[in-house]
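We name chains A, B, ... by the order of the sequence lines, and we start the count at 1 in each one. What's counted below: heavy atoms across the whole structure, side chains too, no hydrogens, waters or symmetry copies.
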Protein chains: 2
Amino acid sequence: MRIDDVDQQIIALLQEDARSSFAEIGAKVSLSAPAVKRRVDRLRAEKVIRGFTAVVDPVAVGWTAEMFVELFCTGRTTPVQIASAARRHAAVVGAYTVSGEADALVHLRAADIAALEQALEKLRAEPFVRSTRSMVVLSRLLPTT
Amino acid sequence: MRIDDVDQQIIALLQEDARSSFAEIGAKVSLSAPAVKRRVDRLRAEKVIRGFTAVVDPVAVGWTAEMFVELFCTGRTTPVQIASAARRHAAVVGAYTVSGEADALVHLRAADIAALEQALEKLRAEPFVRSTRSMVVLSRLLPTT
DNA sequence: CATGAAATTTACTCACT
DNA sequence: AGTGAGTAAATTTCATG
């Protein structure tokens, strides 16, 4: 799985616009369209490129509430346990084990504060969760990446 | 800017695969390809869809270190100030004003711990930053969204 | 082995209904 | 919103260094 400089350029261009044509990309990296396609196919096969997605305004589609929750877990909790819990909850859009006071940081997104609170309750009901500290997002300072 | 049920479906399909064709999408939502294109064009014009991007494995492209930083700011700090600071720092991939103890939460990503530390130093040098509390990401529990 | 050129198939996009 | 025509892009095949 080696990624050369041209691959990096192609990845960067696709991150900017995932729908640009192979010919357009090729013009910028000095390759033909088929050559670009073959590299993209390879990068996808090697899971360097996981997929292509639309960047959507969360507010416009009704996801207005967001929250970060620090998880303080019981002594024997494993990352795998936390990960499987995170996957069970639909509101979870990100989850990380972290150094510091907390054991994990979970990013929740929901339609409104009420739905967020529900999601938080369900999270807190997980047997390995000792306590939580939450931060409700008041405003997003950067456009959705 | 009203979004009907079909728009929602189209958005969901594009989030799954931003490179699928208008005809493919149309088949799933019972519309012709031009009809889908017109809706997508409208959604883009209205900024409901902000763009299309490739989902890349951060490790594969050399971004192995990640961190969340809680910002404690001086009394008169505005969200706008924090936002403009966030945009100045390349390592910042997310930034939010939050309720709770901290004033803001900043998500940093860099090539390694050293680069992360540098980014943190620069953040801490912002005049409105009183103090910070940071959480280094030990592991990502969900695939990159 | 990766590339480019040519050929084929598919998709996009426009005008019109 | 659909249809049909013309254009552009994707994808396959093949020959080359």
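For the residue pair D17(A) and S20(A), the shortest heavy atom distance occurs at O-OG, 3.1 Å. Across all their heavy atoms, V36(B) and G26(B) have their closest contact at CG2-CA, 3.5 Å.
When the nucleotides dA9(D), dT3(D), dT11(D) are ranked by their closest atom to the side chain of S21(A), dA9(D) comes out on top.
Using a 4.0 Å heavy-atom distance criterion, S32(A) is classed as a base contact. Contacts of R42(A) with the nucleic acid, taken as non-hydrogen atoms under 4.0 Å apart, are absent. Base contact: R38(B) has a heavy atom under 4.0 Å from a base atom.
If you measure from atom NZ of K37(A) to atom P of dT11(D), you get 5 Å, rounded to the nearest angstrom. Between the CD atom of E24(B) and the P atom of dA10(D) there is a distance of 14 Å, given to the nearest Å.
No salt bridge links D57(B) with K47(A); every basic N to acidic carboxylate O contact stays at or beyond 4.0 Å. With respect to D7(B) and R42(B), a salt bridge is recorded, a charged nitrogen being found less than 4.0 Å from a carboxylate O.
With no hydrogens or angles considered, no side-chain donor-acceptor pair links R130(B) and T74(B) at under 3.5 Å.
Taking a heavy-atom distance under 4.0 Å as the criterion, the stretch of DNA chain C touched by chain B extends 5' to 3' from dA11(C) to dC14(C).
Below 30°, between 30° and 60°, or above 60°: for H107(B) and Y96(A) the angle between ring planes is above 60°, a perpendicular geometry.
For V36(A) and R19(A), each mapped to the nucleotide of DNA chain C holding its nearest heavy atom, the one lying further toward the 5' end belongs to V36(A). Comparing A23(B) and A33(A) by the nucleotide of DNA chain C whose heavy atom lies nearest to each, the residue mapping closer to the 5' end is A33(A).
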